[in-house]
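Quick caveat: nothing in here was measured; it's all calculated off a predicted structure.
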Amino acid sequence: MKKEFYTIDSFFLESDAQIAKAKLESEGIPAFIWEENLNYHTATSYSRIRLQVYKSQKDEALEIYEEIKNYARDENGNLIICPNCKAAKSEKYYSRKGIFLKLFPFFESAKYRCMQCNFITRPQDS
């Protein structure tokens, strides 16, 4: 019987994927990390490490992962609210367009991507 997988999330850092995997496995859900070694050899914005679970355990895994997901916060500690759908589920986003930003990503201005509607926004100037 063929097992089907569901991608819970993708990560730039293997350590973040390992932490999420450990949490899922501590709750009895087998989790798998894909492309962890490939990420070291392809330093592009497209190379992300995928955390996957069996499709049959998708709903339970997503519920557990929601509890530990670290969403983006502003300088006051408040969750970033998406201006498009008003969800409080955004993460830092780096487009890394151009060779300069691929080599020096810390020069890229801050942006956030909503995990619900994929809308990309810049933080409000205070």
Tell me the closest heavy-atom pair linking I64 and I29, and the distance in Å. CD1-CD1, 3.6 Å
Assess the pair Y112 and F119: is the distance between their ring centroids shorter than 6.0 Å? no
With a 3.5 Å distance limit and no angle check, can you tell me whether D74 reaches the backbone of N76 through a side-chain donor-acceptor pair? yes
Taking all atoms of both residues into account, what is the closest heavy-atom pair of C114 and S90, and its distance? CA-OG, 3.8 Å
Starting from M115, can I reach I81 by hopping between I/L/V/M/F/W/Y residues whose side chains sit under 4.5 Å apart? no
pair L51-F11: side-chain heavy atoms closer than 4.5 Å: yes
Atom pair CD/CD of E27 and Q57 - distance to nearest 0.5 Å: 12.0 Å
State the CD1-CZ distance between I8 and R50, to the nearest 0.5 angstrom. 12.5 Å
Nearest heavy-atom contact between K58 and V53 is CA-CG2, 4.2 Å
One should read off an interatomic distance between Q18 CD and I49 CD1, to the nearest 0.5 angstrom, of 8.5 Å
Testing the basics here: between G28 and P30, what is the closest heavy-atom pair and its distance to 0.1 Å? O-CD, 3.6 Å
Within 45 degrees of the axis of the six-membered ring of Y6 and under 6.0 Å from its centre: does K55 put its NZ or CZ there? no
Could you walk me through whether N118 and R113 satisfy the side chain to side chain donor-acceptor pair (under 3.5 Å) test, starting with their C-alpha distance in whole Å, then the side-chain angles of each, then the deciding distance to 0.1 Å, before giving a yes or no? CA-CA 6 Å; N118 286 325; R113 180 177 61 104; 2.9 Å; yes
Heavy-atom side-chain proximity of K69 to K89 below 4.5 angstrom: no
To the nearest 0.5 Å, atom CD of Q52 lies from atom CZ of F32 at 9.0 Å
Heavy-atom side-chain proximity of Y65 to D9 below 4.5 angstrom: yes
If you define the side chain from C-beta out and look only at heavy atoms, does anything of T121 sit under 4.5 Å from N84? no
With rounding to the nearest 0.5 Å, note down the distance linking CZ in R73 to CG in L79. 4.0 Å
When you group the ILVMFWY residues by side-chain heavy-atom contacts below 4.5 Å and let the links chain together, are L62 and I33 in the same group? yes
Determine the minimum heavy-atom distance between A87 and Q116, stating which atoms define it. CB-OE1, 3.5 Å
Measure the spacing between OG of S56 and CD of E4 and express it to the nearest 0.5 Å. 9.5 Å
